[in-house]
Amino acid sequence: MGGDRDAGLVALFDRLPEGWSAVTYAGRRWGVTRVVRVGGREQSVYAEELGGTDVVSANLYLAASGPLLKPCEMPADVVLEFLAGWE
């Protein structure tokens, strides 16, 4: 990644409030938790479809070389689509 893509990745995490939130994604309700640690240099997002079985989970590390997205046992595209598409 680099430049605008790095800023975009951070912005996708930052648009979620810290703590637990109820959101809508793909017409379904989800519960999402965002935790910020180490002065903002490490973040995690965990989302569960309410009443369903889908899960989205990832960590974001803000390293000196730029942001590093680490999805948890799923493709990065799944995480990025969720972060960009929730309402």
Heavy-atom pair of closest approach, residues [X] and [Y]:
X     : Y     : answer
Ala22 : Arg29 : CB-NH2, 3.7 Å
Trp30 : Tyr25 : NE1-O, 3.4 Å
Ala84 : Leu12 : CA-CD2, 3.7 Å
Leu62 : Pro67 : CD2-CB, 3.8 Å
Glu48 : Val55 : CG-CG2, 4.3 Å
Ala58 : Val79 : CB-CG1, 3.7 Å

Please report the C-alpha distance between Leu69 and Tyr61 in whole Å, then the side-chain angles of each, then the deciding distance to 0.1 Å, and finally whether the side chain to side chain contact (heavy atoms under 4.5 Å, CB included) criterion is met.
CA-CA 7 Å; Leu69 178 66; Tyr61 302 97; over 6 Å; no
Is it true that, when you exclude Arg41 itself, more than 12 heavy atoms of the residues, nucleotides or ligands shown sit nearer than 6.0 Å to its CZ?
no
To the nearest 0.5 Å, what is the distance between [atom1] on [X] and [atom2] on [Y]?
X     : Y     : atom1 : atom2 : value
Arg28 : Thr24 : CZ    : OG1   : 11.0 Å
Asp54 : Phe82 : CG    : CZ    : 10.0 Å
Leu9  : Leu80 : CG    : CG    : 6.5 Å

The single option from Val35, Val36, Leu60 that satisfies side-chain contact (heavy atoms from CB on, under 4.5 Å) with Ser44 is Val35
Any residue meeting salt bridge (Lys or Arg N to Asp or Glu O under 4.0 Å) with Glu42, in chain and number order, not counting sequence neighbours:
Arg37
By side-chain contact (heavy atoms from CB on, under 4.5 Å), Leu16 pairs with (sequence neighbours left out) Val32, Arg34, Val45, Leu83, Trp86
Are Val78 and Leu68 connected in a single hydrophobic cluster, I mean Ile/Leu/Val/Met/Phe/Trp/Tyr linked by side-chain heavy atoms less than 4.5 Å apart?
no
